[in-house]
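Every chain is numbered from 1 and lettered A, B, ... according to where its sequence line falls, protein lines coming before strand lines.
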Amino acid sequence: MLHFFCKCSKQAFRGLNYDTEMDKVSLQNMDLSTELIDWYQQNKRDLPWRNTTDAYLIWLSEIILQQTRVEQGMPYYYRFAEKYPTVSHFAKAPEDDILKLWQGLGYYSRGRNMLKTAQLVQQQYNGVFPTTYQELIKLKGIGEYTAAAISSFSANEPRAVVDGNVYRVLARFFGIDEPINSPKGKKLFQQLADEALNRQHPALHNQAMMEFGAMLCKPRNPACGICPVRLGCVAFASNATTALPVKLKTVKVRKRFFNYLLITDGGNLLMNKRGEGDIWANMYDLPLIETDGLMEPEALLQLPEIVDFFGENAVIKQKTTVIKHILTHQQLFIRFVILDVAPLKLKKNWFYTTVRNTENLAMPKTIFIFIKDFFNF
DNA sequence: AAAACGGGGGT
DNA sequence: ACCCCAGTTTT
């Protein structure tokens, strides 16, 4: 336990104040993992995926929780676990069903990758979900974090997880200002996490690190006043908690302008199935005209592409205001235009379905909300 | 090495 | 407005 601090101290403390005699003594007499496990056992939340060692259920929870808050993912976990109690059940599902159940959670490639992985596990592993890091890391949708999480939680394999919480806890406790999202930083923090790992209790250790980061060592307003390891914390000693961890600046977002056409034929609604290579892959929306800038619906109807599909007699029955929909790398300016027209022909991925059936199609949140409100169901 | 990929919540 | 969330894949 002591060797760990000696080994890391030179590298870990560079660049930040760490010079009072009292703190040195406190640090050397404290083991981070032991303290955090102790804290964890007294303060942990009761989360459903913590009460099982079923690798399938743990996988389910870990994929759902990628870049997703526990509170947001929880209802999805329950729904998936109930509908697909084993990986064999999951493997038999149509992609449309998986995406529909995933609707509203975002990062839909997670759902598509899960299906591929479930099918592979069913065929190659006879429906028995792998529990070793080396096998898990090969699977679609499972990276270093998730492989470490599943292998440690389901089989107590000594693998240290490094997620957003762990970055924060380590950066603050050891006073590391290397950016967490640089390749160099990622390597450094993984090494640090590996050395901090309690090899006697890998699962407990990993849970403790993450829970501590999520509940106490929070991004904003961390509860340092009640922190069990504050006396060993470099950031606390140098009043640098708000400055850590360091993260490289984010990319700027692209603006896009989506003009959605709502066209009905009796009780049927004209829908579109999206392709791959763009946001919302393989999901459903409405016929879409993307423009380079904001365009009034009246002008939209003059575009050659529109005339080609709808002729010149399309009538605008109604138009919504522009809705701003924010994604990580894009700002979408969306307007819905309700048309009274019978299309001359249909684009490849366009099809009619009953308004009722739209409830069963996986749609982006904002599209689903609009249709739901428009048809009042 | 950097960009792409959703949606929600906090400040 | 900006940041973050039990990250991974693609370019």
Side-chain angles (χ1 to χ4, degrees), chain A residues 40 44-45 47-50 58-77 99 102-114 116-117 136-150 152-153 159-169 179-187 189-190 193 203 206-215 217-222 242-243 245-254 256 274 276-283 285 324-332 362-369:
Chain A
Y40 172 71
K44 66 177 179 178
R45 292 167 290 183
L47 305 177
W49 46 85
R50 285 181 178 159
I58 292 168
W59 168 68
L60 191 56
S61 71
E62 291 302 337
I63 304 294
I64 286 174
L65 292 174
Q66 286 170 2
Q67 293 292 285
T68 304
R69 289 167 200 280
V70 166
E71 310 81 66
Q72 189 189 1
M74 186 87 78
Y76 287 84
Y77 173 80
L99 288 175
W102 203 271
Q103 177 176 291
L105 198 52
Y107 285 161
Y108 297 95
S109 65
R110 290 183 289 173
R112 291 185 278 118
N113 285 333
M114 280 185 97
K116 291 176 194 158
T117 288
L136 290 163
I137 196 72
K138 298 177 192 165
L139 303 174
K140 278 250 187 308
I142 298 183
E144 288 184 38
Y145 162 77
T146 306
I150 300 174
S152 66
F153 297 154
R159 297 279 181 176
V161 297
V162 183
D163 74 336
N165 295 306
V166 176
Y167 278 123
R168 189 166 53 254
V169 172
I180 61 172
N181 56 344
S182 71
K184 189 179 169 190
K186 285 181 184 172
K187 207 167 297 176
F189 280 96
Q190 182 68 60
N206 282 336
Q207 294 283 13
M209 290 284 290
M210 291 195 285
E211 187 77 340
F212 178 76
M215 305 297 290
C217 195
K218 298 175 293 182
R220 247 61 64 93
N221 304 325
T242 58
V246 174
K247 201 170 183 179
L248 262 32
K249 65 175 183 293
T250 58
V251 298
K252 67 172 185 180
V253 301
R254 176 161 66 122
R256 298 177 73 179
R274 299 179 62 81
E276 309 210 2
D278 197 358
I279 57 172
W280 304 328
N282 294 3
M283 297 177 74
D285 59 1
K324 191 171 173 183
H325 188 73
I326 308 292
L327 308 180
T328 303
H329 291 81
Q330 301 183 18
Q331 289 182 1
L332 305 182
M363 286 183 264
K365 191 87 167 179
T366 184
I367 310 299
F368 185 72
I369 298 284

Self-check item: Residue closer to the 5' end of DNA chain B, Pro183(A) versus Arg254(A) (nearest nucleotide)
Solution: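 Closer to the 5' end of DNA chain B: Pro183(A).
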Self-check item: Upstream residue (5' side of DNA chain C) when Thr68(A) and Asn113(A) are each assigned their closest nucleotide
Solution: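 On the 5' side of the pair lies Thr68(A).
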Counting the atoms with a prime plus P, OP1 and OP2 as sugar-phosphate, which does [X] contact under 4.0 Å by heavy atoms, base, sugar-phosphate, or nothing?
X	value
Thr328(A)	base
Gly213(A)	nothing
Ile142(A)	sugar-phosphate
Leu47(A)	base
Gln207(A)	base
Gly106(A)	base
Asp278(A)	sugar-phosphate

Counting only side-chain nitrogens and oxygens, does [X] get under 4.0 Å of the OP1 or OP2 atom of [N]?
X	N	answer
Lys365(A)	dG8(B)	yes
His325(A)	dG6(B)	no
Gln67(A)	dG7(C)	yes
Arg220(A)	dC2(C)	no

What's the gap between [N] and [M] when it is taken at their [atom1] atoms, as a whole Å value?
N	M	atom1	value
dC5(C)	dA1(B)	P	23 Å
dG8(B)	dT8(C)	P	22 Å
dG6(B)	dC3(C)	C1'	16 Å
dC4(C)	dC5(B)	C1'	16 Å

Practice problem: Could you tell me which nucleotide pairs with dG6(B) by Watson-Crick or G-U wobble geometry, both distances under 3.5 Å, or answer none if nothing does? | Solution: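 Matched dG6(B) with nothing under the 3.5 Å cut-off.
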Quiz prompt | Non-hydrogen atoms of Gln72(A) and Gly104(A) that approach each other most closely | solution =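 Answer, listing the atom of Gln72(A) first, then Gly104(A): NE2-O, 3.9 Å.
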Classify the side chain of [X] versus the base of [N] as yes if they form a donor-acceptor pair under 3.5 Å and no if they do not.
X	N	value
Thr146(A)	dG7(C)	no
Arg50(A)	dA6(C)	yes
Arg69(A)	dC4(C)	yes

Practice problem: Check step by step if side chain to side chain donor-acceptor pair (under 3.5 Å) holds for Glu62(A) and Tyr145(A). | Solution: CA-CA 9 Å; Glu62(A) 291 302 337; Tyr145(A) 162 77; 2.7 Å; yes
Whole-Å gap separating [atom2] ([N]) and [atom1] ([X]):
X	N	atom1	atom2	value
Lys184(A)	dA2(B)	NZ	C1'	18 Å
Trp280(A)	dG7(B)	CH2	C1'	11 Å
Trp49(A)	dA6(C)	CH2	P	10 Å
Lys44(A)	dA6(C)	NZ	P	18 Å
Trp59(A)	dA6(C)	CH2	P	21 Å
Tyr108(A)	dT8(C)	OH	P	19 Å
Glu276(A)	dC5(B)	CD	C1'	13 Å
Glu144(A)	dG7(C)	CD	P	13 Å

Quiz item: Do Gln103(A) and Tyr108(A) have side-chain atoms, one donor and one acceptor, less than 3.5 Å apart?
Solution: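 Judged by distance alone, the side chains do not pair up.
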Quiz item: Passes side-chain contact (heavy atoms from CB on, under 4.5 Å), Lys44(A) versus Gln207(A)? Steps please.
Solution: CA-CA 9 Å; Lys44(A) 66 177 179 178; Gln207(A) 294 283 13; over 6 Å; no
Self-check item: Criterion side-chain contact (heavy atoms from CB on, under 4.5 Å) on Tyr107(A) and Thr328(A), from CA distance to verdict
Solution: CA-CA 10 Å; Tyr107(A) 285 161; Thr328(A) 303; 3.6 Å; yes
Self-check item: Nearest to side-chain heavy atoms of Asp163(A), which nucleotide of dC5(B), dA6(C), dG7(B)
Solution: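 Nearest listed nucleotide: dA6(C).
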Exercise. Decide, yes or no, whether a salt bridge links Asp163(A) with Arg168(A) under the criterion of side-chain N to carboxylate O below 4.0 Å.
Key: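 No, this pair does not count.
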Quiz item: Can Arg50(A) and Glu211(A) be counted as an ion pair, charged N to O under 4.0 angstrom?
Solution: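 Answer for the salt bridge query: yes.
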